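Working notes, beginning with the structure itself.
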Amino acid sequence: MFINNAYEQLEKRGFVFQATHPEEIKKRLSEGPITFYIGIDPTADNLHIGHFFGLQMARILQDCGHRCIILIGGATALIGDPSGKKDMRKMMSKEEVAHNAQEIKNLLKKFIVLDGENPAIIVDNSEWLKPATYIDFLRDVGVHFNVNEMLSKDLYKSRLQQGGLTFMELGYTLLQAYDFVYLNDKYNCLLEIGGSDQWGNITAGTELSRKMNYLDGTPRPLMMGLTCPLLTNANGVKMGKTEKGTLWVSRERTSAFEFYQHFVNCLDADVERLLRFFTKIDVQEIKQMCEEDIVKAKKIMAFEVTKLVHGEEEALKAVETANNLFSSGNTDSANMPTETINGQGKINILDFLASLSIISSKSEARRLIEQNGIMINNEKKSNIAEMIDLTQKEFIVKKGKKTFVKVIVK
């Protein structure tokens with residue numbers, strides 16, 4: 001079923017940040033189904049919250065009847081996107097990239113419809129980039145890129161400031177630009193979407209199409225780009241970091257409880273935006289919810305986001321765990337985040353705490369103890385010289401008011 005207000009939905013929910021041809025995109029999306037794509041480089045064997053955000057944008061377009069292509073960057077991941085990076089990305093082996101690509105394909109079904117009447121298709125750019133010869137690629141694609149113009153783009157700014165931009169990284173944009181042209185030729189793909197950090201790569205694709213068309217007279221329709229904002233909080237800080245690092249969508253990496261807690265602890269000013277981004281609740285209803293009871297709205301948002309990523313059963317368990325911990329004080333919960341450490345005998349409390357992911361260093365552990373911010377097995381700790389007896393084998397550590405972890409000693 002085709003719904004003709006996809007652009008309006010994206011705009012109303014806050015997904016529209018930059019567009020190469022805003023009026024034309026709005027027009028084409030309202031006239032009938034078009035084919036669009038979003039790319040994911042398999043630089044890890046999992047998806048993080050940033051991918052999830054972009055895929056929400058893709059899902060809205062797909063639900064409106066537009067045809068979705070997910071491009072897995074099996075070739076581009078071997079190079080590494082330099083956009084906004086201070087250092088060159090770690091080089092990955094072909095085997096690592098292939099493994100990561102397969103894992104990501106398995107996760108995509110959580111967010112994108114892969115069967116039914118309007119299934120998304122998954123493609124891998126290694127299919128067409130690896131067979132291309134170096135000389136032919138330079139003649140067909142490289143000839144259209146002016147190095148001075150490329151170096152003026154924001155995506156290379158950080159690497160240039162460090163004085164370390166490599167020729168390999170400079171070639172990344174050429175590869176991604178050609179992806180768009182290839183998908184247009186093969187699937188009549190007219191629109192590329194992505195995060196605002198991809199703006200330079202996306203516009204390179206639209207420009208490459210225009211230049212190739214001008215040079216050889218190849219009939220090609222207008223190719224367009226659309227980006228969503230980066231997922232940041234009200235203070236402009238990038239979202240998606242937990243005590244353990246990146247907020248992943250796999251519960252093997254980030255438990256459903258940690259995922260829920262990340263969102264339930266967000267700033268009040270972020271609740272309305274996150275409800276718009278990650279739920280299907282009507283925008284007017286969202287506004288009313290936030291005006292009437294921001295705490296309740298925040299809990300609804302955290303539950304809905306967790307349900308979307310981890311399923312309703314895991315989301316309900318996360319809520320139950322949170323209620324046990326923060327309302328009843330019951331810390332006997334199987335759903336609590338758990339860490340395993342190695343040790344025997346006795347260990348100084350600072351060393352014990354610093355070995356946990358929720359504490360960044362011994363200095364932080366010292367500060368928290370001095371500020372009465374640490375409890376172990378429901379006992380507040382105030383002595384930095386205390387020794388912890390590891391023969392006990394299991395501890396519940398509480399940092400501040402909202403961070404818990406179960407520690408098992410092996």
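Along the sequence shown, residues carry numbers from 1. Just so it is clear, the model here is predicted, and its values are computed rather than measured. Side chains included, hydrogens not; waters and symmetry mates left out as well; all remaining heavy atoms used.
- To the nearest 0.5 Å, the span separating CD1 on I193 from CD1 on I202 amounts to 8.5 Å.
- In summary, the side chains of S255 and E258 do present a donor paired with an acceptor at a separation below 3.5 Å, with no hydrogens or angles considered.
- Contact annotation: the side chain of F36 never approaches that of L190 to less than 4.5 Å [non-hydrogen atoms, C-beta and beyond].
- Under a 3.5 Å cut-off, the side chain of K26 and the backbone N or O of Y7 do not form any donor-acceptor pair.
- Going from atom CD1 of I384 over to atom CD1 of I374 covers 13.0 Å, rounded to the nearest 0.5 Å.
- Looking only at distances, a side-chain donor or acceptor of Q56 sits under 3.5 Å from a matching main-chain atom of F277.
- Distance alone, capped at 3.5 Å, places no donor-acceptor pair between the K12 side chain and the V283 backbone.
- S363 and S361 make their closest contact through OG-OG, 2.8 Å (heavy atoms, listed as atom of the first residue, atom of the second, distance).
- A donor-acceptor contact under 3.5 angstrom links the side chains of W128 and D179, judged on distance only.
- With respect to R13 and D282, no salt bridge is recorded, no charged nitrogen being found less than 4.0 Å from a carboxylate O.
- For an aromatic pair to be called close, the ring centres must be under 6.0 Å apart, and Y187 with Y37 fails this.
- With I40 as the fixed residue, the side chain to side chain contact (heavy atoms under 4.5 Å, CB included) test singles out one of L47, I122, T76: L47.
- Salt-bridge annotation for E272 and R276: present, with a side-chain N of the basic residue lying under 4.0 Å from a carboxylate O of the acidic one.
- The side-chain heavy atoms of T203 and K153, taken from C-beta on, include a pair separated by under 4.5 Å.
- Under the 4.5 Å side-chain criterion, counting only non-hydrogen atoms from C-beta, F137 is in contact with L175.
- Inter-residue side-chain proximity for L71 and I38 is flagged as unmet; no heavy-atom pair is nearer than 4.5 Å.
- Distance check, rounded to the nearest 0.5 Å: NZ of K211 to NE2 of H144 gives 8.5 Å.
- Although no hydrogens or angles enter the test, the distance criterion places a donor-acceptor pair under 3.5 Å between the side chain of N100 and the main chain of P42.
- For the pair E169 (side chain) and T166 (backbone), a donor-acceptor distance under 3.5 Å is present.
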### salt bridge (Lys or Arg N to Asp or Glu O under 4.0 Å) between R210 and E207, intermediate numbers included
CA-CA 5 Å; R210 183 183 63 80; E207 279 296 290; 2.7 Å; yes
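- In this structure, a donor-acceptor pair under 3.5 Å is present between the side chains of T173 and N201.
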### Task
Would you check, one step at a time, whether the test side chain to side chain donor-acceptor pair (under 3.5 Å) holds for D270 with N233?
CA-CA 6 Å; D270 291 323; N233 67 19; 4.8 Å; no
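- Screening F15, F17, F111 against F53 for a ring-ring contact (aromatic ring centres under 6.0 Å, His included) leaves a single residue, F15.
- The side-chain heavy atoms of D197 and L230, taken from C-beta on, include a pair separated by under 4.5 Å.
- Aromatic ring centres of F303 and F263: separated by at least 6.0 Å.
- Proximity of a side-chain donor or acceptor of Q62 to a complementary backbone N or O of R67 within less than 3.5 Å is not detected.
- Two residues are said to be in side-chain contact when any heavy atoms from C-beta on lie closer than 4.5 Å; Q198 and Q176 meet this criterion.
- Here the CE-CD distance, from M289 to Q284, works out to 13.0 Å after rounding to the nearest 0.5 Å.
- Taking the six-membered ring for Trp and the full ring otherwise, Y260 and H310 have centroids separated by 6.0 Å or more.
- The pair E364-K399 meets the salt-bridge criterion, since a charged nitrogen lies less than 4.0 angstrom from a carboxylate oxygen.
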### Message
Assess the residue pair K298 and D293 against the criterion (salt bridge (Lys or Arg N to Asp or Glu O under 4.0 Å)); give the C-alpha distance rounded to whole Å, side-chain angles, the decisive distance to 0.1 Å, and a yes or no.
### Response
CA-CA 9 Å; K298 187 183 293 187; D293 189 337; over 6 Å; no
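- Side-chain atoms of T306 do not come within 3.5 Å of backbone N or O of A315 as any donor-acceptor pair.
- With values rounded to the nearest 0.5 angstrom, S126 atom OG is found 8.5 Å from L78 atom CG.
- Side-chain contact of E304 with T279: a donor-acceptor pair under 3.5 Å is absent, judged by distance alone.
- Between the side chain of N46 and the backbone N or O of I104 there is no donor-acceptor pair closer than 3.5 Å.
- Using a 4.5 Å heavy-atom cutoff, the side chains of H99 and D45 are in contact.
- Partner of T20 under the side chain to side chain contact (heavy atoms under 4.5 Å, CB included) criterion, chosen from E192, M224, M223: M224.
- Ion pairing between a basic and an acidic side chain is recognised when a charged N comes within 4.0 Å of a carboxylate O; E291 and K287 show no such pairing.
- Going from atom CD1 of I79 over to atom CE of M92 covers 12.5 Å, rounded to the nearest 0.5 Å.
- Between E31 and K27 there is a salt bridge, since a side-chain N of the basic residue sits under 4.0 Å from a carboxylate O of the acidic one.
- H51 and H48 have parallel rings, their planes meeting at less than 30° on a 0 to 90° scale where 60° marks the start of perpendicular.
- The closest side-chain heavy-atom distance from M301 to I286 is not below 4.5 Å.
- Within a 6.0 Å radius of CD in E313, other residues, nucleotides and ligands contribute 12 heavy atoms or fewer.
- With R273 contributing its side chain and T232 its backbone, the two residues share a donor-acceptor pair below 3.5 Å.
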